[in-house]
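Values below: all heavy atoms of this structure, side chains included; hydrogens, waters and symmetry mates excluded.
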Amino acid sequence: MRIASTDAEADESTQGVRMPDRADPSTADAGDDALAWFTEVVQQHSTALVRYFARRGPRQDAEDLAADVFATAWRRRDNVPREAVLPWLYRTAGFTLANHRRKLVDLPVDAVPESGAPRVADDPELSALFDDELRGALMSVGERDRRILLLHAWEGLDGEGLAQVLGISRSGADAALSRARKRLREAWGDRMSF
C-alpha cells in the first residue's frame with residue numbers, strides 16, 4: 001500500500017500535462033466570464049422560474065426546484081443558447097418538474113395505466129384555476145395542448161420562445177398553439193350550458 005509520494009514522483013506523473021494555473025489570465029477570464037453570465041441569468045430569471053414551479057406544484061418546493069434548474073444550467077452552461085436562455089430554462093424546468101412528480105408517486109410499474117384522463121384535484125396547474133368550466137375545458141384538451149396553452153398564458157411564451165421550450169421549429173410551435181387554442185374553444189363551447 002502506498003501512503004505518500006514524493007515531490008519528484010508527483011512531478012513525473014504530471015510531466016507533459018498542462019495543469020491549469022490560477023495565475024493564468026486566460027483561465028481566470030474564462031471562469032470570470034462564466035460566473036458573470038451565470039450570475040446574470042440567475043438574477044434575471046429566478047423570479048420567473050419560481051413562479052413557474054409555484055403554479056405547477058407545491059409552493060414549498062418551488063425555490064428548490066428552481067435551484068435544481070439553475071444547477072443544471074451551470075453544469076450545461078456551454079449548451080445553453082445565449083439568445084434563448086429563458087426558454088431553455090423553462091424546458092429544463094418541465095423535465096425537472098416531471099422528475100419531481102414521479103418521485104412523489106409510489107406506484108408499481110404494472111399498476112401504471114397506459115393512458116388516462118388527468119385528475120383535476122391531483123394536478124396543481126388545474127386546481128389553481130378557479131373556474132370549473134375552464135378547468136373542465138382545459139382538462140379535455142389533452143396534456144400537450146394544456147401545456148402549450150399554459151406556457152403561453154402564464155409564462156407569456158409564443159413564437160420562438162415556445163418553440164425552444166417544446167423543442168420544435170417556430171412554425172411548428174405557432175401551429176401547435178393555434179391547434180391548442182382551437183381545441184380549447186371547441187371544448188369550451190361543448191361545455192357551455194346556456
Identify the two heavy atoms, one from A173 and one from G159, that lie closest to each other, and give their separation to 0.1 Å. CB-O, 3.9 Å
Name all pairs fulfilling the salt bridge (Lys or Arg N to Asp or Glu O under 4.0 Å) condition that reach into residues 84-99, sequence neighbours left out, sorted by first residue then second. none
salt_bridge(E186, K182) N-O dist < 4.0 Å: yes
Just grab all the salt bridge (Lys or Arg N to Asp or Glu O under 4.0 Å) pairs involving residues 161-175, residues at least two apart or on different chains. R170-D174
Between T92 and T96, is there a side-chain heavy-atom distance shorter than 4.5 Å? yes
Listed once per pair and sorted, the salt bridge (Lys or Arg N to Asp or Glu O under 4.0 Å) pairs that draw on residues 69-78, sequence neighbours left out: none
Closest approach of A62 to A54 (non-hydrogen atoms, all atoms of both residues): CB-N, 3.7 Å
L166 vs L162, side-chain contact (heavy atoms from CB on, under 4.5 Å): CA-CA, chis, key distance, verdict: CA-CA 6 Å; L166 298 174; L162 191 58; 3.9 Å; yes
Test H45 against every option in V50, L89, V69 by the side-chain contact (heavy atoms from CB on, under 4.5 Å) rule and name the one that passes. L89
May I ask you to test the R146-L184 pair for a side-chain heavy-atom distance under 4.5 Å? no
W74 side, atom CH2; L35 side, atom CG - distance, nearest 0.5 Å: 5.5 Å
So, taking the atom named CD in E143 and the one named CD1 in I148, what distance separates them when rounded to the nearest 0.5 Å? 11.0 Å
Quiz question: by atom type and distance under 3.5 Å, do the side chains of E155 and Y90 form a donor-acceptor pair? yes
Determine, stepwise, if the pair R181 / H152 fulfils side-chain contact (heavy atoms from CB on, under 4.5 Å). CA-CA 10 Å; R181 285 176 171 164; H152 176 69; 2.7 Å; yes
Atom CZ in R179, atom CG in D145: separation rounded to 0.5 Å? 8.0 Å
Taking every heavy atom of P87 against every heavy atom of V165, the minimum-distance pair comes out as O-CG2, 3.3 Å
Straight-line distance of Y52 OH to W154 CH2, nearest 0.5 Å: 10.5 Å
Take L149 and R183 through the test side-chain contact (heavy atoms from CB on, under 4.5 Å) and record every step on the way to the result. CA-CA 10 Å; L149 290 165; R183 290 180 185 129; over 6 Å; no
Between W37 and V80, does a side-chain contact (heavy atoms from CB on, under 4.5 Å) hold up when you go through it step by step? CA-CA 11 Å; W37 169 82; V80 178; 3.9 Å; yes
Value rounded to 0.5 Å, distance of CG in D158 from CG in L177: 7.0 Å
Starting from W88, can I reach F95 by hopping between I/L/V/M/F/W/Y residues whose side chains sit under 4.5 Å apart? no
Give a yes or no on whether E63 atom CD has more than 12 heavy-atom contacts from other residues, nucleotides or ligands under 6.0 Å away. no
Are the side chains of R56 and R51 in touch, meaning some heavy atoms are under 4.5 Å apart? no
Once rounded to the nearest 0.5 Å, what's the spacing between atom CZ of R55 and atom CG of L97? 13.0 Å
Could you tell me if the side chain of P81 sits less than 4.5 Å from the side chain of Q164, heavy atoms only? yes
